[in-house]
Amino acid sequence: MYVVVSKWETLPGKEDQFREAGRKARNAMRGTPGVESVQSLVTEDGAALAIIGYKDRSTYDKIVNDPNGPFAKTAQELQIEQFGRWAWSERGEPVAD
């Protein structure tokens, strides 16, 4: 599995719209072939972390990095960048203990 943790910051005054767009985006990701897990949390400073597990790096690239891929289409449809701003992402494979 390939895991990506992304931090999104809510734009001022857009908290409700961002939460709703985020909920819809997570549901869309859950229905995307190659996505194995979807979690999120709200940080103490009000930002959101999306924790998504993909089948592998190649699958992630096809879903997220393709400008015509599922993530780009969902983000555009939901206009998520009108309500929040992507801050950073960390990517890698989980360590099995």
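None of the values given here were measured: they were computed from a predicted structure.
Considering NZ of Lys73 and OG1 of Thr32, their distance stands at 11.0 Å, rounded to 0.5 Å. Of the inter-residue distances, the one linking Trp86 atom CH2 with Lys7 atom NZ reads 12.5 Å to the nearest 0.5 angstrom. To the nearest 0.5 Å, atom OG1 of residue Thr10 and atom CZ of residue Phe18 are 4.5 Å apart. For the atom pair NZ of Lys14 and CD of Gln82, the computed distance is 7.0 Å after rounding to the nearest 0.5 Å. Separation of atoms NZ (Lys62) and CZ (Arg57) is listed at 13.0 Å; rounding is to 0.5 Å. Separating the CD atom in Gln79 from the CD atom in Gln17 is a distance of 11.0 Å, to the nearest 0.5 Å.
A heavy-atom distance below 4.5 Å is found between the side chains of Leu41 and Ile51. Trp8 places a side-chain heavy atom less than 4.5 Å from the side chain of Ile80. Counting heavy atoms from C-beta outward, Ser40 and Val38 have side chains that stay 4.5 Å or more apart. Put simply, the side chain of Met29 reaches to within 4.5 Å of the side chain of Ile63, judged on heavy atoms. Side-chain atoms of Lys55 and Glu36, non-hydrogen and from C-beta on, do get closer than 4.5 Å to each other. At a threshold of 4.5 Å between non-hydrogen side-chain atoms, the residues Ile52 and Val3 do not count as touching. Counting heavy atoms from C-beta outward, Leu78 and Phe83 have side chains that stay 4.5 Å or more apart.
Ring pair Tyr2/Tyr60: centre-to-centre distance below 6.0 Å.
With a 6.0 Å radius and a threshold of 12 heavy atoms from other residues, nucleotides or ligands, Glu20 has its CD atom above the threshold. Within 6.0 Å of CD on Glu15 lie more than 12 heavy atoms contributed by other residues, nucleotides or ligands.
When all heavy atoms are compared, the tightest approach of Arg85 to Leu11 is CB-CD2, 4.4 Å.
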Can you list the steps and then say if Ser6 with Glu90 is a side chain to side chain contact (heavy atoms under 4.5 Å, CB included)?
CA-CA 7 Å; Ser6 297; Glu90 291 291 334; over 6 Å; no
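Using modelled atom types, one finds no donor on one side chain facing an acceptor on the other under 3.5 Å when comparing Asp61 with Ser58.
A donor-acceptor pair is defined here as one N or O able to donate and one able to accept, closer than 3.5 Å; such a pair exists between the side chain of Arg26 and the backbone of Gly22. The main-chain N or O of Pro70 is found under 3.5 Å from a side-chain atom of Thr74 such that the two form a donor-acceptor pair.
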